[in-house]
> 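One structure is given below, represented as structure tokens, and several questions about it will come after.
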Amino acid sequence: MSAPGILGLLFSTGSRRSIKGRLYWPIRLYTAFFSVWVMWAATLSRIDALSLTVIFLCLIYVPAFLLIGATDRSGTKATLPDWILSLAAAACACYFIIKIPETASRISLFEELSTDQFIMASILILLTLEITRRTVGLFLMCIVLTFIIYNLYGHLISGPLGHGYISLNHFVDINIYTTDGLFGVPVRVAATYAFLFVMFGTFLERAKGGEFFFNLAATISGRSVGGPAKIAVVSSALFGTMSGSPTSDVVATGSITIPMMKKLGYDRSLAAGVEVASSTGGSLLPPVMGSAAFIMAELIGVGYGEIVIAAILPALLYYVGISIQVHLRSVALNLAPLDASEVPTLGETMRQGWQFLLPIVGLIILLVMGYSPTMVAVFSAIAVWVVSQFNRRTRLGLKATIEALSDTAIRMIGVTGACAAAGLVIGGITMTGLASKFSFIAFAAAGDNIMIILMLSAVVTIVLGLGMPTPSAYVLAAVLIGPTLVNDFGFQELNAHLFLLYFAVMSAMTPPVAVAAYAAAAISGANPLKIAVVAMRLSIVAFVVPFMFVTNPLVLQPFSSVEAILVSAGVAFACVLVAFASEAKWHDRWSMPTRVGMLVSAALLAVPDTNVKTIGCVSGLMLLTFAIKKFKDQYGRLVTS
């Protein structure tokens, strides 16, 4: 089988079925009521964490097998095996709900599993493997199976990677009847923060909030050179921070921006690449970011507000870098702005959708005030529904509300499958102590060289994220690599985990899989690998920023002191140099040496030593001034539209 054929097999997922026919209202009502239950369970109930995740996972599996086919060629109707798996999920739901008191009071490993406990737990593990394959692909399922095999047979391995004997009963007990495995942090986050923020984004999209943010972006940047590309950057950032999913952001905003760019003469790969780069960064942009940020808050025990504050400057630098590169390329290619008649006025835009700013402002205020992300998400979703009633065009009636609730649950199926798989991996790592073994391997490969270990960590995180949703990629990296960076190399915990989150997010557009690029390819008609290469080049700053804030921790506290302000300014200038060096070129012998010099200056600005930073700053200013002049001489303009 050829390489593309193997990749297609590893990363292909089951077909997503649309809801229609006799099943339309039964599934819509089931998933809508399920969403309402999640809201209640996450905010008003006193249900314990294990019970909450058990009920959530089992109940969401019931429609999952009916709505996602076994292969990408599955028909539009559920087959007999799909119904059998759905009924098996329903049986698990009934069993575990009935057994909640017994499970909650049971002492794992001290009390032997009964036959029915073992059988139902085994069925649930098998269902998880199958839903993982259908929603994320065979690759992640194989990773989970590898960990399961390692758990059960790793005692046969000699050397540092070996571990003590783990029986099948022991494995099942830890993974199903404790919060260390399947029902651990990833699924708990999926059942609370992630689900409720997806609900917020779904209600906003249903009420035409995405259209408002697109028009707002067009008002801001539509008239400048390369206006459509800049609209894609701004609108994708605004929408992406709420959706938290690069792929869904590409589909939601790219369906408008990519055809618009192509219509005005943009190359198909460039149009799609701009959208992919812009959408990917949305998962890093506060206030919502993505569900992985909530998992981070749980794993390292810090408040979500603290993560948001730390992530603001790096995320802004990401978009500063993309904006600079998009502008320079637009000038070089003489890409047209939008026609003046197509650019809405600010007054018209605000008149049609000003009310959508209220939930966003309220969300930020509540997070800053210290309210829990769960409560903030619920109130924000309710606020979107309320403000939608202000305008007949945006109003959500009963049918639209039910469909929005239902869509939330359906959208969470894929995320939940990935989180459940991650839970099984975490359970295996916990039992075998694999995280500490990874430290041994890392030290053997990198010695005590900090830059090498950081580069290895970045590469491993990207590889773990191939074809996977960001939460899964981050969790795997966090449990495998996080302890090494924090305990063995002395990095601050928040910095180290934010570093891993960045590269988990970047894996969405990194070849050979680049799931966000494949989504853009379906819209643009361009080659997905070419799109991924364009997107990576446009977002080159994103691959630099994590190294900057790990080696300069004050970047995550940009206004805490005068020193922090100076360090942050130096990092920001380094990002500008990287973006300019990557994109700006002119046709003479000084082009390449000047660009290489700017990259060297940026590297010097990343060094903690003040004298080295000063050299980098002075040389960078001189080279940037020279580059701007040469670029302007070549193309006749730089900043002007």
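Quick note: residue numbers are just sequence positions, from 1.
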> Under 3.5 Å, is there a donor-acceptor pair between the T31 and S406 side chains?
yes
> Kindly indicate, with the supporting measurements, whether the criterion side chain to side chain contact (heavy atoms under 4.5 Å, CB included) is fulfilled by T202 and F197.
CA-CA 9 Å; T202 304; F197 272 105; over 6 Å; no
> What side-chain donor-acceptor pairs closer than 3.5 Å can you find for residues 374-388, not counting sequence neighbours?
{"unit_1": "S380", "atom_1": "OG", "unit_2": "V376", "atom_2": "O", "d": "2.7"}
{"unit_1": "W385", "atom_1": "NE1", "unit_2": "T401", "atom_2": "OG1", "d": "2.9"}
{"unit_1": "S388", "atom_1": "OG", "unit_2": "W385", "atom_2": "O", "d": "2.6"}

> Are I47 and I55 close enough that some pair of their side-chain heavy atoms sits under 4.5 Å apart?
yes
> Which residues pass the side chain to side chain contact (heavy atoms under 4.5 Å, CB included) test with W25, sequence neighbours left out?
R28, L29, K399, I402
> Please examine the side chains of M431 and H163, heavy atoms only from C-beta on, and report whether any two atoms are closer than 4.5 Å.
no
> Side-chain contact, heavy-atom cut-off 4.5 Å: D180 with I426?
no
> Among all residues two or more places apart in sequence or in another chain, which pass the side chain to side chain donor-acceptor pair (under 3.5 Å) test with Y95?
D116
> Check side chain to side chain donor-acceptor pair (under 3.5 Å) between R17 and all other residues, then give those that pass, not counting sequence neighbours.
D82
> Going by side chain to side chain donor-acceptor pair (under 3.5 Å), name the residues that satisfy it together with T192, two or more places apart in sequence or in a different chain.
none
> Please find out if less than 6.0 Å separates the ring center of F56 from that of F34.
yes
> Calculate, to the nearest 0.5 Å, the distance between atoms NZ and OG belonging to K99 and S51 respectively.
14.0 Å
> Just how far is it from atom OG1 of T461 to atom CD1 of I481, taken to the nearest 0.5 Å?
3.5 Å
> Please list all pairs passing the side chain to side chain donor-acceptor pair (under 3.5 Å) test where one or both residues lie in residues 34-47, with sequence neighbours left out.
none
> Just jot down the side chain to side chain donor-acceptor pair (under 3.5 Å) partners of Y177, sequence neighbours excluded, or say none.
none
> Who are the side chain to side chain contact (heavy atoms under 4.5 Å, CB included) partners of V36, not counting sequence neighbours?
L405
> Extract all donor-acceptor atom pairs below 3.5 Å that involve side chains of residues 138-150 and protein atoms in other chains or at least two apart in sequence.
{"unit_1": "T146", "atom_1": "OG1", "unit_2": "C142", "atom_2": "O", "d": "2.7"}
{"unit_1": "Y150", "atom_1": "OH", "unit_2": "L161", "atom_2": "O", "d": "2.4"}

> Could you work out, with side chain to side chain contact (heavy atoms under 4.5 Å, CB included) as the rule, every residue matching E298, not counting sequence neighbours?
V185, R188, V189, Y193
> List the atom pairs, with distances to 0.1 Å, where a side-chain N or O of residues 122-132 and a protein N or O form a donor-acceptor pair under 3.5 Å, not counting sequence neighbours.
{"unit_1": "S122", "atom_1": "OG", "unit_2": "F118", "atom_2": "O", "d": "2.8"}
{"unit_1": "T128", "atom_1": "OG1", "unit_2": "Y61", "atom_2": "OH", "d": "2.9"}
{"unit_1": "T128", "atom_1": "OG1", "unit_2": "L124", "atom_2": "O", "d": "2.9"}
{"unit_1": "E130", "atom_1": "OE1", "unit_2": "R133", "atom_2": "NE", "d": "3.1"}
{"unit_1": "E130", "atom_1": "OE2", "unit_2": "R133", "atom_2": "NH2", "d": "2.8"}
{"unit_1": "E130", "atom_1": "OE2", "unit_2": "R134", "atom_2": "NE", "d": "2.7"}
{"unit_1": "T132", "atom_1": "OG1", "unit_2": "T128", "atom_2": "O", "d": "2.7"}
{"unit_1": "T132", "atom_1": "OG1", "unit_2": "G417", "atom_2": "O", "d": "3.4"}

> Could you check if a side-chain atom of Q117 sits within less than 4.5 angstrom of a side-chain atom of E102, using non-hydrogen atoms only?
yes
> So, using side chain to side chain contact (heavy atoms under 4.5 Å, CB included) as the criterion, who are the partners of Y165 when residues are at least two apart?
H155, S167
> At what distance, to the nearest 0.5 angstrom, does CG of L498 lie from CG of L284?
7.5 Å
> Taking the side chain as every heavy atom from C-beta outward, state whether I97 and C58 have any atom pair closer than 4.5 Å.
no
> Could you tell me whether a side-chain N or O of T53 sits under 3.5 Å from a main-chain N or O of L50, the two making a donor and an acceptor?
yes
